[in-house]
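Protein chains get the first letters and strands the later ones, always in sequence-line order, with residue 1 at the start of each.
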Amino acid sequence: MAQKKITTPLTDEVVKDLKAGDDVLISGPIYTARDAAHKRMVELLDKGEKLPFDIKGHLIYYAGPSPTRPGNVIGSAGPTTSGRMNKYAPRILEAGSKGMIGKGEMSGGVQEALKKHTGVYMAAVGGAAALIAKSVVKNELVAWEELGAEAIKKLTVKDFPAIVVQDCHGGNLYQEGVKKYQRT
Amino acid sequence: MREISSKDITKAVKDLCVDANYNLGEDVQDALRKAYEKEESPVSKATLKQIIDNFEIAKQGEFPICQDTGFGVFFVEMGDQVIIKGNNLFDAINEGVRQGYTDGYLRKSILADPIERKNTGDNTPAVIHLDVVKGDKLKIIIAPKGGGSENMSEVKMMKPADGVEGVKEFVIDKVKRSGSNPCPPIVVGVGIGGTFEKCAEMAKRALLRTIGSKHSNPFYAKLEEELLEKVNKLGIGAQGFGGTQTALAVFVETYPCHIASFPAAVNINCHAARHKEVIL
């Protein structure tokens, strides 16, 4: 289990070096977006319009944090289930994103899209939301404030803990890990 | 008859919302620590360490255990000698949710309409299951339910001929298909019998049981044990990264059923298996 430190935005070289099962500490800006924001982003892309932020090389974090207490940077900020974004992820990768952070296996063409666009899918520990919040050093609203917890936010993180689960080489920790420990 | 003020109910519910979302039950904490000791996969073990560190941070009262602070699901047992003064019971509970989720910095995750999808802004309305029991007390249980694990739940109207083997197959298959999505290690609630809706409610109610407790009926106690063993052989592990600790417990609840029917339901809870209760 190799531990790698990466800084966003990511290059193809960095993405290619990340393999399913790698323990990763992410630093730099990441962008939160979940169901409602993805719907809007894909609508913009369909109309040939620009996204509200420069997505090139960046990671999308599937998260809707809890409210921020006064004096804190953010509330609890763990990942949400990524599978709900299966439909959108290939479009976002095509637009220049280098990957996403969430929880749970992604399917429906996502693995192929990671390969095609040299992207990586990393998992944060679902329900480790208080712990993850500690790695967020800055929290700025980017777009769609009216979506509340679902608004797009730019989080600047330092040593955000994640695990590579689906890589650009076809590696898939969810499938490989379960196979290894299955007892039938 | 005994009078209980709706204001006291609201205050109690407000406190329950906060307590449940910041302080994980002792039984769940112990079960997660045991799972950490037993886990064979290094990746899942490291994940369980994060989960344990996380609930310790949450206890300090600044960050809730999970950002998904859930749908406010309530089980209320109202004594037949209780009269509520002031607001009605459901309004008093919803007011408690409103105050608890606002003052406790908890996420508001409830949409007023499932199609239109506009947030109500205060996490109301709650889902309230009310039972009338003997006595002059009011027992309120909150079980905030996250969306990730709730989405991995199912009711199946099986055939009586499917028998207990059919139930086992259904439960194991459901957990297997859910894989990494419900945030394992999970707690599995199983309802068997009743009607369509009764069965689903039992599966949810089963999640309120204390981890380590056994079903009072030896047959079902054995079934719970067997299902837990089988679930843990699936290899899903913490967060689905592969491992030996997929579930912390499987709890079964049953109810009499129609001669033509054999419903079974599975309701899954994530490792943040939150529930708290108060008796007024």
Side-chain angles (χ1 to χ4, degrees), chain A residues 1 3 20-23 32 35-36 39 63-72 74-84 102-107 123-134 146-150 161 163-165 173-184, chain B residues 21-22 40-44 46-48 50-51 53-60 62-69 101-102 104-109 117 119 121 146-149 151-152 176 178-184 232-244 246 270-272:
Chain A
M1 204 164 85
Q3 193 182 61
D22 283 354
D23 202 359
T32 67
D35 311 57
K39 189 165 180 270
S66 64
T68 309
R69 280 178 188 271
N72 286 350
I74 198 166
S76 282
T80 193
T81 307
S82 307
R84 294 196 315 272
K103 72 174 179 81
E105 190 173 359
M106 295 193 78
S107 54
V125 174
L131 181 82
I132 291 167
K134 300 269 181 187
E146 68 278 13
L147 294 180
E150 296 207 55
I163 292 171
V164 178
V165 280
L173 178 68
Y174 291 117
Q175 289 179 13
E176 293 151 22
V178 170
K179 221 174 275 170
K180 203 166 158 189
Y181 291 93
Q182 217 166 41
R183 315 256 190 277
T184 43
Chain B
N21 276 298
Y22 285 87
E40 291 170 27
S41 148
V43 182
S44 278
T47 301
L48 281 160
Q50 277 196 36
I51 289 171
D53 289 348
N54 183 72
F55 69 63
E56 293 292 349
I57 294 171
K59 277 183 207 172
Q60 295 163 17
E62 269 198 79
F63 297 93
I65 303 163
C66 183
Q67 79 288 340
D68 185 351
T69 49
Y101 274 73
T102 305
Y105 289 87
L106 303 174
R107 197 178 77 183
K108 289 83 184 168
S109 310
R117 306 194 77 77
N119 202 300
S149 59
N151 287 346
M152 297 298 117
K176 189 177 177 180
S178 302
S180 51
N181 291 322
C183 275
N232 282 330
K233 279 186 179 165
L234 290 172
I236 295 168
Q239 295 294 304
F241 297 150
T244 59
T246 301
C270 59
H271 60 78

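Atom CZ of B/R117 is separated from atom NZ of A/K39 by 10.0 Å, given to the nearest 0.5 angstrom. One finds the CG atom of A/L131 at 4.5 Å from the CD1 atom of B/I57 (value rounded to the nearest 0.5 Å). We find the CG-CD distance between A/L173 and B/Q239 to be 11.0 Å, quoted to the nearest 0.5 Å.
Between chain A and the residues B/G237, B/C66, B/G242, the largest count of heavy-atom pairs under 4.5 Å involves B/G242. For the options B/A238, B/G121, B/G243, heavy-atom pairs under 4.5 Å to chain A are most numerous at B/G243.
Only the side chain of A/I163 has a heavy atom closer than 4.5 Å to any heavy atom of chain B. Neither the backbone nor the side chain of A/S82 comes within contact range of chain B; no heavy atoms are under 4.5 Å apart. Heavy atoms of A/K134 lying under 4.5 Å from chain B belong exclusively to its side chain. For A/A77, the part lying near chain B is the backbone, with the side chain staying farther off; criterion is any non-hydrogen pair under 4.5 Å.
Residue A/R183 comes nearest to B/T244 through the heavy atom pair NH2-CG2, 4.1 Å, listed as atom of the first residue, atom of the second, then distance. When all heavy atoms are compared, the tightest approach of B/C183 to A/G127 is SG-N, 4.4 Å.
Judged purely by atom type and a 3.5 angstrom limit, A/S76 uses its side chain to pair as donor or acceptor with the backbone of B/P64. Judged by distance alone, with hydrogens and angles left aside, the side-chain atoms of A/K103 form a donor-acceptor pair with the main-chain N or O of B/N181 at under 3.5 Å.
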Exercise for review: Would you check, one step at a time, whether the test side chain to side chain contact (heavy atoms under 4.5 Å, CB included) holds for A/N72 with B/Y105?
Suggested key: CA-CA 12 Å; A/N72 286 350; B/Y105 289 87; over 6 Å; no

